[in-house]
Amino acid sequence: MGFLDEDYLLESASARRLYDEISDLPILDPHSHVDVAALARDEGWNDIWEVEGETDHYVWELMRKRGVSERKITGDATNREKWNALASVFPEFAGNPTYEWVHLDLKRRFGIEKPISAATADEIWEETKAALDEPAMRQRRLLREMNVEVVSSTDDPTSDLEHHRTLADELDDVTVRPTWRPDAAMGIGDAGWREYVATLGDATDTDVSDFDGFLAALRTSHEYFEANGCGASDHGLSEIRSRSVDRRRAADVYERAAAGEALTDGDVADFEAFVLERIGEMNRETDWVTQLHIGPVRDYRDSLYDELGADAGGDISTGDLDLADGLRYFLNRFDEELEIVLYVVDPTHYPTVATVARAFPNVSVGAAWWFNDSPHGIRSQLEYVGTVDLLANYGGMVSDSRKLLSFGSRFEMFRRSLANVVGEMVERGQMPMTVAEDRVRQVAYERPAELWDF
């Protein structure tokens with residue numbers, strides 16, 4: 001087996017046959033961080049650093065690990081300097097999925113098969129720069145080339161969704177769906193929350209001076225997103241703490257926070273639990289999917305956050321969460337009434353979410369997320385979830401990416417890993433090939449299409 005050859009990640013004849021069944025299926029992406037404004041303008045890129053490094057904190061983290069200075073990662077170095085710095089350490093990324101994703105991007109989108117290194121950096125820079133000048137490398141053309149049928153963005157409730165409407169009018173063969181992400185509204189304990197709530201009030205033309213007005217603003221935004229094609233909410237939660245909270249208690253917390261008073265951890269937890277339940281009720285009315293991304297400890301490295309702010313690569317995973325207790329109220333409150341997809345960043349939580357999904361027919365396990373979206377992580381998750389829950393009810397793959405070119409490479413890695421896992425079951429006599437073919441098609445396309453109403 002050669003590097004990224006036709007048998008990449010496929011370890012048996014059955015796996016190769018199964019991959020052939022799904023390799024050309026359209027991509028359905030329920031969760032990404034696509035730059036909708038750039039897509040609406042149909043922008044291209046100037047160079048390969050913009051394509052592969054400028055927005056990718058996975059790349060930044062690995063460069064830091066290999067001693068590259070911050071100036072050549074997020075600093076004022078030229079893009080050519082940053083690319084050369086990346087290329088010089090890129091062979092040392094081998095074993096990490098970033099090594100495979102970027103090489104897949106080069107192979108599939110640029111036709112470049114040479115490994116990235118200091119020796120090939122200049123040649124790759126020049127070849128890709130020439131290719132990026134071509135109309136074929138505009139974003140909309142690339143989505144079509146990658147066979148993307150649906151991609152879901154991540155959008156704040158204050159967004160006017162102007163660019164989504166442009167794309168809805170101008171893109172006939174690709175759907176770009178907004179996703180309602182109300183984290184800032186729920187983050188009552190965060191710095192800047194009061195300023196954010198004022199912005200939410202302005203965006204929805206709602207008086208948010210009291211708690212009723214705040215909830216009305218959320219509902220107005222929710223209705224606006226529904227009218228603009230949204231089909232899901234998304235919630236990034238360091239931990240989930242659902243419980244029954246009296247409305248007067250939540251209103252009291254809101255009023256004290258609005259007045260600038262300090263809140264206790266219990267205040268914050270009660271407010272978040274109350275608002276999450278109200279969002280669940282709104283999602284039930286509109287038949288939206290509720291996505292819960294649970295577990296990352298964000299901005300853990302203080303010096304990095306102080307220098308660069310959020311989303312710079314200083315986040316970690318922890319197993320120190322009580323998911324069973326935290327989820328219990330919310331799941332029972334919406335038992336068989338609301339489609340819920342659970343993503344966890346720490347793989348030690350798979351037993352909890354897989355058994356929860358087994359117990360609740362309306363709960364699905366989401367894709368191996370963040371630190372787990374590697375061949376190893378995907379394989380481990382699929383094997384466990386398929387054993388405890390059902391592959392037929394799997395939530396499907398997500399790109400979770402800011403890099404448009406990586407949509408194709410990440411879905412290819414997932415589909416090859418899926419074919420390999422199910423192919424091994426065929427080789428071991430656990431299922432016939434005809435059933436295996438049905439399952440991989442279901443996981444790769446049919447189940448996501450049904451779950452997300454694509």
Side-chain angles (χ1 to χ4, degrees), residues 36 153-165 177-293 310 326 329-330 333-334 337-338 340:
V36 182
S153 57
T154 302
D155 307 280
D156 190 89
T158 61
S159 173
D160 64 10
L161 304 180
E162 172 191 358
H163 301 301
H164 289 84
R165 289 192 296 275
R177 287 184 25 163
T179 302
W180 199 63
R181 180 80 175 242
D183 292 2
M186 292 179 61
I188 196 168
D190 298 339
W193 176 81
R194 287 194 297 168
E195 292 77 9
Y196 175 81
V197 169
T199 302
L200 176 65
D202 291 341
T204 57
D205 195 23
T206 305
D207 180 0
V208 292
S209 59
D210 61 21
F211 189 49
D212 288 342
F214 170 76
L215 293 178
L218 284 179
R219 177 170 286 279
T220 297
S221 171
H222 196 279
E223 291 171 350
Y224 182 76
F225 271 63
E226 166 71 9
N228 281 274
C230 184
S233 68
D234 185 28
H235 308 266
L237 305 165
S238 57
E239 61 180 306
I240 174 92
R241 297 178 289 190
S242 66
R243 62 186 78 165
S244 178
V245 177
D246 183 80
R247 185 186 184 96
R248 289 172 296 179
R249 161 67 172 156
D252 174 68
V253 174
Y254 180 87
E255 289 164 8
R256 288 192 286 114
E261 297 181 22
L263 302 180
T264 67
D265 183 65
D267 292 334
V268 172
D270 282 349
F271 179 83
E272 290 178 349
F274 182 90
V275 175
L276 183 62
E277 186 175 353
R278 301 290 81 73
I279 290 171
E281 292 169 351
M282 289 190 286
N283 287 357
R284 181 177 57 192
E285 293 169 13
T286 53
D287 204 24
W288 284 9
V289 177
T290 303
Q291 300 177 92
L292 303 178
H293 283 84
Y329 177 79
F330 189 81
R333 174 73 172 77
F334 297 103
E337 296 182 347
L338 184 67
I340 299 168

> Checking Tyr224 side chain against Ser159 main chain: does a donor-acceptor pair fall under 3.5 Å?
Replying inline: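 Checked: no pair found.
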> Is a side-chain N or O of Ser242 found less than 3.5 angstrom from the main chain of Gly326, in a donor-acceptor match?
Replying inline: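 Checking the backbone N and O of Gly326 against the side chain of Ser242, a donor-acceptor pair under 3.5 Å is found.
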Where [X] and [Y] come nearest, the two heavy atoms and their spacing:
X	Y	value
Gly189	Val268	CA-CG2, 4.0 Å
Pro178	Ser153	CA-OG, 3.5 Å
Pro157	Ser221	O-OG, 2.8 Å
Phe274	Ala250	CG-CB, 3.6 Å
Trp288	Glu226	NE1-OE1, 2.6 Å
Val208	Gly213	CG1-O, 3.9 Å

> Of all residues at least two apart in sequence or in a different chain, which pass the ring-ring contact (aromatic ring centres under 6.0 Å, His included) check with Phe330?
Replying inline: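 Phe330 satisfies ring-ring contact (aromatic ring centres under 6.0 Å, His included) with Phe334 only.
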> Does His164 have any ring-ring contact (aromatic ring centres under 6.0 Å, His included) partners at least two apart in sequence or in another chain, and if so, which?
Replying inline: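 Expected list: none.
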State which residues pass side-chain hydrogen bond (donor to acceptor under 3.5 Å, both in side chains) with [X]; sequence neighbours excluded, sorted by chain then number.
X	value
Glu281	Arg278, Arg333
Asp212	Arg247
Ser244	none
Glu285	Arg219

Test side-chain contact (heavy atoms from CB on, under 4.5 Å) applied to [X] - qualifying residues, sequence neighbours left out:
X	value
Asp267	Arg249, Val253, Arg256, Leu263, Thr264
Thr220	Thr204, Thr206
Ala310	Asp299, Tyr305

> Which residues pass the salt bridge (Lys or Arg N to Asp or Glu O under 4.0 Å) test with Asp234, sequence neighbours left out?
Replying inline: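 With neighbours one apart ignored, the set is Arg181.
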Atom [atom1] of [X] and atom [atom2] of [Y]: how far apart are they, to the nearest 0.5 Å?
X	Y	atom1	atom2	answer
Leu292	Ile340	CG	CD1	6.5 Å
Asp183	Glu272	CG	CD	9.5 Å
Ile279	Leu338	CD1	CG	11.0 Å
Ile188	Tyr196	CD1	OH	13.5 Å

>> With side chain to side chain contact (heavy atoms under 4.5 Å, CB included) as the test, pick out the partner of Asn228 among Leu161, Asp160, Asp155.
In response: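 So the option named by the test is Leu161.
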>> Listing request: all ring-ring contact (aromatic ring centres under 6.0 Å, His included) pairs with a residue in residues 234-267, at least two apart in sequence or in separate chains.
In response: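 Of all non-adjacent pairs touching residues 234-267, those that pass ring-ring contact (aromatic ring centres under 6.0 Å, His included) are Trp193-Tyr254, Phe211-Tyr254, Phe214-Tyr254.
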>> Between Trp180 and Leu218, does the side-chain contact (heavy atoms from CB on, under 4.5 Å) criterion hold? Intermediate values first, please.
In response: CA-CA 10 Å; Trp180 199 63; Leu218 284 179; 4.0 Å; yes
>> Quick test of your reading: applying salt bridge (charged side-chain N to carboxylate O under 4.0 Å, His left out), list the pairs with at least one residue in residues 188-206, sequence neighbours left out, ordered by first then second residue.
In response: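 Matches after skipping sequence neighbours: none remain.
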> What's the verdict on side-chain contact (heavy atoms from CB on, under 4.5 Å) for Arg241 and Asp265, showing C-alpha distance, side-chain angles and the deciding distance?
Replying inline: CA-CA 11 Å; Arg241 297 178 289 190; Asp265 183 65; 3.1 Å; yes
